Amino acid sequence: MSDVKKFLYVNRKAPYGTIYALESLEVVLIGAAFEQDVALAFLDDGVFQLTKGQNTDGIGVKNFSPTFRALGDYDVQKLYVERESLEERGLSEDDLIEVVYEDEDDDWEEKPAIKVVSRAEMADVMADADVVLSF
Amino acid sequence: MKIGVLVSEGPYTHEAADTAYKFVTAALAAGHEVPRVFFYHDGVNVATRLSVPPQDERNIQQNWSALAKEHGVDLVVCIAAAQRRGMLDANEAERQGKDAHNIAEGFRISGLGQLIEMGIQTDRLVTFGD
């Protein structure tokens with residue numbers, strides 16, 4: 001396919017409190033059907049979207065975090081998380097859910113989709129993208 | 001250049017829909033193509049034809065509708081975001097059993113695929129929002 005573009009979905013906001021995170025994920029799921037090169041970036045409060053053990057019972061809003069684990073099935077293989085954003089919030093990689101994808105170039109071996117990167121590396125990820133959608 | 005535009009904040013509360021309108025007007029005047037504008041999140045509320053701002057204020061919906069008519073810009077409102085917020089066209093109102101619809105002339109309701117397609121088919125995608 002000649003016109004494959006690099007789509008980057010940038011998630012900067014907490015999963016609840018505003019609808020941006022949920023509606024961003026809805027775009028990602030639809031966009032996955034278009035056979036483009038897809039990556040997600042999580043920074044600022046957006047890193048909370050991937051934290052383990054979310055429980056929304058108290059706020060009457062659907063907990064959509066399990067959907068992130070299904071992203072591998074949609075062939076979404078790159079979830080970049082900014083290390084500095086984690087550290088500034090007292091979080092580490094251990095606090096994040098596991099998201100895996102099956103690598104078709106490596107006998108369908110399950111591999112982690114989440115990659116923790118530095119702020120400088122995140123800048124490179126953004127510079128490298130053709131289409132950046134920021135939520 | 002072919003430019004796609006995403007509006008992701010609601011009218012009047014936020015300046016995004018105004019700035020996007022001015023940007024599209026300027027881009028067209030400079031000879032660029034703007035084939036489509038996609039309205040998402042609270043941006044879908046721009047498309048209501050029931051908005052009645054005071055007479056000495058700009059009418060954001062009418063500005064966009066006029067732009068669509070004059071320049072053939074495709075104004076697409078995300079269906080999932082629209083339904084959450086009570087934005088329905090005649091077809092959707094009937095399908096959902098609602099007694100009213102409110103999508104203004106020049107806007108159409110469609111899926112998120114239209115946003116992705118816009119990203120693929122344009123040279124630049126410019127977002128107006130927070």
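Reckoned from all heavy atoms, side chains included, excluding hydrogens, waters and symmetry mates. Computed from a predicted structure; not experimentally measured. So you know, we letter chains A, B, ... as the sequences are listed, proteins then strands, and number each from 1.
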**Study point:** Contact check, side chains of A/V27 and B/I116, non-hydrogen atoms, under 4.5 Å
**Key:** yes
Practice item. Find out if a path of hydrophobic residues (ILVMFWY) with successive side-chain heavy-atom gaps under 4.5 Å connects A/F48 to A/F64. Key: yes
Review point. Which residue pairs pass the ring pair (Phe, Tyr, Trp, His ring centres under 6.0 Å) test with at least one member in residues 65-113 of chain A, sequence neighbours excluded?
Key: A/F42-A/F68
Point to revise | Other residues, nucleotides, ligands: >12 heavy atoms within 6.0 Å of A/E121 CD | key: yes
**Study point:** chain B contact via A/Y20 - side chain, backbone, both or neither, heavy atoms under 4.5 Å
**Key:** both
Review point. Same cluster for A/F7 and A/V125 if Ile/Leu/Val/Met/Phe/Trp/Tyr side chains link at under 4.5 Å?
Key: no
**Study point:** Interface residues of residues 61-100 of chain B facing chain A - heavy atom cut-off under 4.5 Å
**Key:** B/A80, B/A81, B/R84, B/R85
Practice item. Return yes when atom NZ of A/K78 has more than 12 non-hydrogen atoms of other residues, nucleotides or ligands closer than 6.0 Å, and no otherwise. Key: yes
Check your understanding: Does any heavy atom of chain A fall under 4.5 Å from the side chain of B/Q114, the backbone, both, or neither of them?
Key -> neither
**Study point:** Over 12 non-hydrogen atoms of neighbours within 6.0 angstrom of CD in A/E87
**Key:** yes
Revision key, fill the gap. The complete set of side chain to side chain donor-acceptor pair (under 3.5 Å) pairs with one or both residues in residues 120-130 of chain B, sequence neighbours excluded, reads B/H14-B/D130
Review point. Any link between A/I114 and A/V100 through a network of hydrophobic side chains (Ile, Leu, Val, Met, Phe, Trp, Tyr) touching at under 4.5 Å?
Key: no
Study note, to complete from the structure: Within residues 17-51 of chain B, contacts to chain A at heavy-atom distances under 4.5 Å involve B/Y40, B/H41
Check your understanding: Does a sphere of radius 6.0 Å around CD in A/E26 hold more than 12 heavy atoms from other residues, nucleotides or ligands, not counting ones at 6.0 Å or beyond?
Key -> yes
Check your understanding: Around atom NZ of A/K115, are there more than 12 heavy atoms of other residues, nucleotides or ligands at under 6.0 Å?
Key -> yes
Review point. Going only through I, L, V, M, F, W and Y residues with side-chain contacts under 4.5 Å, is there a path from A/L71 to A/V10?
Key: no
Review point. Can you check whether B/L115 reaches A/L133 side chain to side chain, under 4.5 Å on heavy atoms?
Key: yes
